[in-house]
Participant: 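Here it is, the structure, as C-alpha cells.
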Amino acid sequence: MTDRMSNGFAASEFAAAGNVSEIELATRRLAAALDALENAVERRREHDRDEEALAARIQALGVDRSRLANELDGTLVRSRELERTNREIAQRLDVAIDTIKSVIEAGD
C-alpha cells in the first residue's frame, strides 16, 4: 500500500515496525474518519438549530412590527380626529366670544 499516514510513513512500514496489521491501521483510520464525520454532522445540526431559532426570532419580530404598525395607524387616525375636533371647538369658542363681546358692547 502506498498511502501515507499523517506522519509520512506508509501503513506497511507501521505494520512491520509495530507488528500492527494493515487491517488494524485501516480500521483505526476508518474509526477516526467516522468520528470526524460524526463531529461534522453534530456541528451541522447545531448550525441548523441556530438558524431555526434565528428564523423564529425574525418571524416574531415581523409579527411585532405588523402589530405596532397597525397600532400606529390607529393612533394617527385618532390624532387627526382630535385635531379636527379641536379646530371645531376653537371656532365655536371664537364665535361665542364674539357674541359675548357684541352683547357687552350693545349694553354699554
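In this chain, residues are counted from 1 in sequence order.
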Participant: Evaluate the criterion side chain to side chain contact (heavy atoms under 4.5 Å, CB included) for residue pair Leu54 and Asp50; output intermediate values, then yes/no.
Facilitator: CA-CA 6 Å; Leu54 180 60; Asp50 291 345; over 6 Å; no
Participant: Lys101 pairs by side chain to side chain contact (heavy atoms under 4.5 Å, CB included) with which of Thr99, Ile97, Ile104?
Facilitator: Ile97
Participant: What's the verdict on side chain to side chain contact (heavy atoms under 4.5 Å, CB included) for Arg87 and Glu83, showing C-alpha distance, side-chain angles and the deciding distance?
Facilitator: CA-CA 6 Å; Arg87 280 192 303 273; Glu83 287 174 4; 4.0 Å; yes
Participant: Rounded to the nearest 0.5 Å, what separates atom CG in Leu30 from atom CG in Asp35?
Facilitator: 9.5 Å
Participant: Just verifying a value: how many Å separate Asn39 CG and Leu34 CG, rounded to the nearest 0.5 Å?
Facilitator: 11.0 Å
Participant: Answer yes or no: are there more than 12 heavy-atom neighbours, outside Glu88 itself, under 6.0 Å from its atom CD?
Facilitator: yes
Participant: What's the spacing between Asn86 CG and Gln91 CD if we round to 0.5 Å?
Facilitator: 10.5 Å
Participant: Counting only heavy atoms not in Arg49 (residues, nucleotides, ligands), do more than 12 fall under 6.0 Å from its CZ?
Facilitator: yes
Participant: In terms of heavy-atom contacts, does CG of Leu82 have more than 12 from other residues, nucleotides or ligands at under 6.0 Å?
Facilitator: yes
Participant: Tell me, do Arg43 and Glu46 make a side-chain contact under 4.5 Å, heavy atoms counted?
Facilitator: no
Participant: Are the side chains of Val77 and Asp73 in touch, meaning some heavy atoms are under 4.5 Å apart?
Facilitator: no
Participant: May I ask you to test the Leu68-Glu71 pair for a side-chain heavy-atom distance under 4.5 Å?
Facilitator: yes
Participant: Working to the nearest 0.5 Å, report the span between CZ of Arg57 and CG of Asp64.
Facilitator: 13.5 Å
Participant: Do other residues, nucleotides or ligands put more than 12 heavy atoms under 6.0 Å from the CZ atom of Arg92?
Facilitator: no
Participant: Look only at the side chain of Ser79 and the backbone of Thr75, and say whether a donor-acceptor pair between them is shorter than 3.5 Å.
Facilitator: no
Participant: When rounded to the nearest 0.5 angstrom, what is the spacing between CZ in Arg65 and CG in Leu61?
Facilitator: 11.0 Å
